[in-house]
Amino acid sequence: MARTFMAVAAAALLLVVVCAAAVSEAAQSPAPQPRLPPNFHTIKPGSSGFGKRDQELSCADTKGKMKGCMAQCDKRCPNECIVMCPSCKTFCMCDFYPGMSCGDPRFTGGDGNNFYFHGKKDQDFCIVSDADLHINAHFIGKRNPTMSRDFTWIKALGIRFADHRLYMGALKTAKWNSDVDRIELAFDGAPVDVPAQLGARWESAAVPGLTVTRTAATNGVRVQLAGVFDIMANVVPITEQDSRIHNYGVTEEDSLAHLDLGFKFYDLSDDVHGVLGQTYRSDYINKLSVSANMPVMGGAPSYVASDIFSTDCAVARFGRRAGISMVTAMAS
């Protein structure tokens with residue numbers, strides 16, 4: 001019993017440490033990057049062959065004394081959850097990183113507070129803009145005639161650093177099948193090809209420290225630039241059930257595949273801006289109603305960019321310092 005308690009406590013402590021690091025000032029400086037524990041499983045409800053939300057798993061401890069356990073993927077994790085071993089505790093991907101964007105873009109800011117930013121379908125918005133790093137998000141959406149706004153989701157990211165451009169996005173998908181990879185990656189205009197197997201890794205020859213690692217055989221990657229950022233991305237659909245409940249308008253021609261994202265940043269300046277970026281500033285004051293069911297960040301016109309890689313939003317900071325090349329040097 002004591003060993004089981006210690007295992008559960010260790011898993012909980014790991015989660016607290018990972019989340020706290022992303023919020024603190026210390027997380028702004030280069031530091032060892034957080035990793036999932038070596039002994040974990042994932043459950044993907046609805047995936048072919050893995051569709052059960054409750055699963056019997058081989059979740060042995062390091063000494064092999066626990067042969068297995070019954071893990072349950074919580075309903076608030078509609079597409080994927082992580083099972084920690086040997087405790088058999090489960091967490092949603094959204095639990096792991098402040099900076100997460102999930103579903104109808106719900107962000108967890110650097111200050112630890114959740115908020116929504118709806119943006120507008122078929123437009124690009126700068127979500128992080130600093131002197132040496134700029135990230136835009138492309139939004140897709142559906143119009144609900146009974147509402148004054150679009151339902152929106154993030155379909156792609158355009159990331160700029162030094163003189164490089166990194167793209168990651170979800171391919172438009174008709175009938176969703178989680179066994180089919182729908183992630184699209186490109187670096188400086190050339191496709192990034194990562195073998196479709198868990199743990200497969202791509203390393204940039206041009207930028208030391210830039211890597212892409214598969215977190216699942218399909219539809220999940222971790223993109224890292226040493227000392228700069230660590231991004232978790234999963235392509236997920238809108239389920240038929242969610243569409244019925246919320247009237248999202250999923251059709252047989254479009255499952256509204258989009259990205260669930262987790263961000264961790266290192267060495268952001270205190271002048272950083274953007275929808276998410278501003279929440280990492282030491283002088284950021286959260287004026288949203290954090291007690292509301294859906295605190296919404298407005299001011300969308302300030303964040304509009306002309307395309308996925310443009311740095312022309314009103315709050316852009318990219319290129320303001322002379323030493324942009326330090327990003328590449330820092331990764332070596």
Side-chain angles (χ1 to χ4, degrees), residues 18 21-22 27-36 93 96-97 99-101 126-138 154-171 181-235 259-269 272 274 276-277 280 308-311 317-319 321-332:
V18 171
Q28 298 289 328
S29 59
Q33 296 172 354
R35 296 180 182 275
L36 293 176
M93 284 299 298
F96 271 89
Y97 286 83
M100 284 299 288
S101 167
C126 62
I127 57 173
V128 175
S129 189
D130 206 0
D132 305 311
L133 176 67
H134 187 94
I135 303 177
N136 286 343
H138 180 76
I154 293 176
K155 181 179 176 61
L157 294 181
I159 303 171
R160 295 194 50 182
F161 58 93
D163 57 351
H164 299 291
R165 301 184 179 203
L166 176 65
Y167 174 90
M168 67 175 73
L171 293 169
D181 192 43
R182 310 306 296 170
I183 287 179
E184 183 179 18
L185 297 160
F187 182 58
D188 290 342
V192 172
D193 184 22
V194 189
Q197 61 188 50
L198 176 65
R201 181 181 174 94
W202 171 90
E203 297 185 27
S204 171
V207 180
L210 178 62
T211 62
V212 179
T213 306
R214 291 272 188 185
T215 58
T218 60
N219 299 310
V221 294
R222 183 177 189 175
V223 182
Q224 297 169 282
L225 178 57
V228 182
F229 59 72
D230 183 352
I231 302 174
M232 299 279 281
N234 290 291
V235 179
L259 296 177
D260 273 358
L261 296 158
F263 299 94
K264 182 174 176 61
F265 301 106
Y266 305 88
D267 203 35
L268 291 175
S269 80
V272 63
L276 176 62
Y280 287 84
I308 192 70
F309 286 114
S310 289
T311 59
R317 302 299 197 256
F318 188 69
R321 287 202 298 259
I324 297 178
S325 61
M326 57 87 69
V327 175
T328 302
M330 181 165 39
S332 61

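Across every non-hydrogen atom of N219 and I183, the tightest pair is C-CD1, 3.3 Å. Shown here for P208 and A206, the closest heavy-atom pair between the two residues is CD-O, 3.7 Å. Pairing each heavy atom of A216 with each of L198, the nearest pair is N-CD1, 3.7 Å. Nearest heavy atom pair, residue V235 against residue L259, reads CG2-CD2, 3.7 Å. The heavy-atom pair separating Y167 from A156 by the smallest distance is OH-CB, 3.4 Å. What you find for A137 and I308 is that their closest heavy atoms are C-CD1, 4.2 Å.
In this structure, the side chains of I159 and I231 come closer than 4.5 Å at one or more pairs of heavy atoms. L210 places a side-chain heavy atom less than 4.5 Å from the side chain of F187. Between I135 and F265 the shortest side-chain heavy-atom distance falls below 4.5 Å.
Once rounded to the nearest 0.5 Å, the distance linking CZ of F318 with CG of L133 reads 7.5 Å. We find the CZ-SG distance between R160 and C126 to be 12.5 Å, quoted to the nearest 0.5 Å. Note that the CG atom of L261 and the CE atom of M232 stand 10.5 Å from one another [nearest 0.5 Å].
Each side-chain hydrogen bond (donor to acceptor under 3.5 Å, both in side chains) pair with one or both residues in residues 184-195, not counting sequence neighbours, appears once here: H164-D188. Residue pairs meeting the ring-ring contact (aromatic ring centres under 6.0 Å, His included) criterion with at least one partner in residues 198-228, sequence neighbours excluded, do not occur; the list is empty. Under the salt bridge (charged side-chain N to carboxylate O under 4.0 Å, His left out) criterion, the residue pairs touching residues 202-212 are R201-E203, with sequence neighbours excluded.
When atom types are taken as modelled, the side chain of T215 and the backbone of G220 share a donor-acceptor pair closer than 3.5 angstrom. When atom types are taken as modelled, the side chain of R222 and the backbone of D230 share no donor-acceptor pair closer than 3.5 angstrom.
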Take F263 and L157 through the test side-chain contact (heavy atoms from CB on, under 4.5 Å) and record every step on the way to the result. CA-CA 12 Å; F263 299 94; L157 294 181; 3.9 Å; yes

Run the side-chain contact (heavy atoms from CB on, under 4.5 Å) check on V228 and Y266 step by step: do they pass? CA-CA 5 Å; V228 182; Y266 305 88; 5.8 Å; no

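Under the side chain to side chain contact (heavy atoms under 4.5 Å, CB included) criterion, A200 pairs with V194, P195, Q197, R214, sequence neighbours left out. T213 is linked by a side-chain hydrogen bond (donor to acceptor under 3.5 Å, both in side chains) to nothing, counting only residues two or more places apart in sequence or in another chain. With sequence neighbours excluded, the residues that form a side-chain hydrogen bond (donor to acceptor under 3.5 Å, both in side chains) with H134 are S129, N136.
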